[in-house]
There are 2 protein chains.
Amino acid sequence: MRYHKIPDETIQRLPLYWRALRLLSENRSHVNSKVLAEIVQVNPWQIRKDLSYFGGFGTPGVGYDIKKLSCQLRDILNLKNTHKTALVGVGDLGSALLGYSGFSQLGFEIVSAFDVSTKKVGKIKNNVNVEDISKLKTLKRKGIRLAIIAVPVKAAQETADKLVRAGVVGILNFTPSYLVVPKTVKVISIDIAMDIARLPYYLPTNRAGKT
Amino acid sequence: MRYHKIPDETIQRLPLYWRALRLLSENRSHVNSKVLAEIVQVNPWQIRKDLSYFGGFGTPGVGYDIKKLSCQLRDILNLKNTHKTALVGVGDLGSALLGYSGFSQLGFEIVSAFDVSTKKVGKIKNNVNVEDISKLKTLKRKGIRLAIIAVPVKAAQETADKLVRAGVVGILNFTPSYLVVPKTVKVISIDIAMDIARLPYYLPTNRAGKT
DNA sequence: GGTTGTGAACCACTTCACAGCC
DNA sequence: GGCTGTGAAGTGGTTCACAACC
């Protein structure tokens with residue numbers, strides 16, 4: 001019954017559990033679903049169900065061994081070894097991402113950066129040398145299989161195509177466009193503008209609009 | 001039947017429709033659900049259902065008037081007038097957000113920025129004066145009701161509390177923490193790290209793990 | 001003929017409830 | 001007694017199919 005028809009929603013919650021466990025591990029050795037549930041703001045049975053998709057990690061009457069569960073989640077999420085990552089587009093957003101500690105904490109290491117601007121190529125940012133976009137082909141040789149796209153919208157698909165040709169199998173897309181890629185390549189899109197755009201909907205106004 | 005029990009998922013899709021319509025409006029005056037569906041990568045009947053929650057905007061046999069629908073979506077999403085917004089935390093991320101054109105395109109205007117660091121206070125970034133965090137109280141007087149939190153995790157809840165006290169009713173939270181706020185305040189959290197963390201799960205490996 | 005709008009059917013995730021285990 | 005793991009029930013968003021309309 002393992003690894004079979006697991007809801008995407010479950011996969012989305014696993015990192016939350018994992019992060020909570022990391023914090024908990026500083027103070028205690030065990031946790032039950034009720035306590036964990038409160039931290040990540042979901043129901044206890046949701047957590048138990050999620051974890052049960054991958055097998056029983058807990059002990060009835062006791063709860064979950066934090067160290068052990070943490071390790072197993074890390075394994076499931078495939079975060080055990082560090083992932084060398086390339087960044088394409090070193091503009092405002094790209095630069096911010098280069099300095100973003102969240103990546104390294106999760107085991108991502110931006111080892112390569114690319115841009116089209118001759119102004120940026122050759123510069124060194126956060127210990128990473130910015131290369132010309134034409135050097136993308138070298139990714140395969142370097143064993144880099146993950147990439148972050150932080151280029152202007154119009155260049156997004158083209159960049160994705162190049163990355164796929166360079167052997168990239170996972171893409172973090174920060175542009176607001178749907179990328180067409182082979183089924184073997186996984187794209188996760190982060191579209192900040194679209195998240196932001198729905199905030200005003202929920203604000204108190206003269207309208208009746210509410211959930 | 002208007003404004004009653006509308007799925008959150010629908011609200012999340014409306015901005016996508018809106019953006020697609022903006023692009024389409026440059027070339028044509030009408031669009032049907034099939035074409036729009038292809039652009040935003042959802043099913044035609046999903047679009048029709050979503051729109052039907054708010055009333056009939058289309059014409060059978062013809063489709064949707066792009067200008068009209070666009071305008072109506074903007075109205076539903078409450079994006080008609082610009083929203084003055086405050087930014088708290090002018091670090092890497094905060095700075096990137098200050099230069100982010102996505103905000104202004106949606107009608108958000110960052111008119112005020114705050115930080116605790118004496119190094120940053122007093123500086124001017126992207127035409128915005130960085131003030132000391134203690135000046136947050138002035139938001140109410142200035143009529144600013146939206147805020148972006150881009151501070152370190154530990155300061156997140158404290159910042160949220162201050163913002164609520166200063167009359168803020170909508171918060172964009174870029175920190176990885178659950179914010180406790182009154183029910184009248186809407187928080188939208190953007191947790192980049194958690195989106196990123198699930199990418200490796202989908203990568204082809206020795207494991208059997210797949211959806 | 002083409003397309004919308006929508007009640008009904010469907011399906012997938014969530015929630016429940018309890019057997020099983022410590 | 002306390003807590004997990006899970007089949008079964010419930011719920012709500014998605015998909016369908018077709019009547020209504022241009």
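In the text below, chain A, chain B and the rest are named by the order of the sequence lines, each starting its count at 1.
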(Q) Distance alone, cut at 3.5 Å: any donor-acceptor contact between the side chains of S95(A) and K125(A)? (A) yes

Q) From dC21(C), dC22(D), dG5(C), pick the nucleotide closest to the side chain of Y64(B)? A) dG5(C)

Q: Starting from P on dC21(D), measure out to CG on N32(B) and report it in whole angstrom.
A: 20 Å

Q. To the nearest angstrom, how far is L69(A) atom CG from dG5(D) atom C1'?
A. 14 Å

Q) Does E131(B) pair with K142(B) as a salt bridge, N-O distance under 4.0 Å? A) yes

**Q.** Presence of salt bridge, E158(B) and K162(B), under 4.0 angstrom
**A.** yes

Q. To the nearest Å, how far apart are K34(B) NZ and dT4(C) P?
A. 11 Å

Q | Whole-Å distance separating the CG atom of D8(B) from the P atom of dG13(D) | A | 8 Å

(Q) Output the rounded distance in Å from CD (Q46(B)) to P (dC11(C)). (A) 16 Å

Q | Among dT4(D), dT14(C), dG5(C), the one nearest R48(A) by side-chain distance | A | dT4(D)

**Q.** Interatomic distance, N43(B) CG vs dC16(D) P [rounded to whole Å]
**A.** 7 Å

Q: For W45(A) and for V62(A), find the nucleotide of DNA chain D with the closest heavy atom, then tell me which residue's nucleotide is more 5'.
A: V62(A)

Q.
Looking at every heavy atom in both L203(A) and G170(B), which two are closest together, and how far apart are they?
A. CD2-CA, 3.8 Å

Q. Roughly how many Å is it from CD1 in I6(B) to P in dT14(D), rounded to a whole number?
A. 13 Å

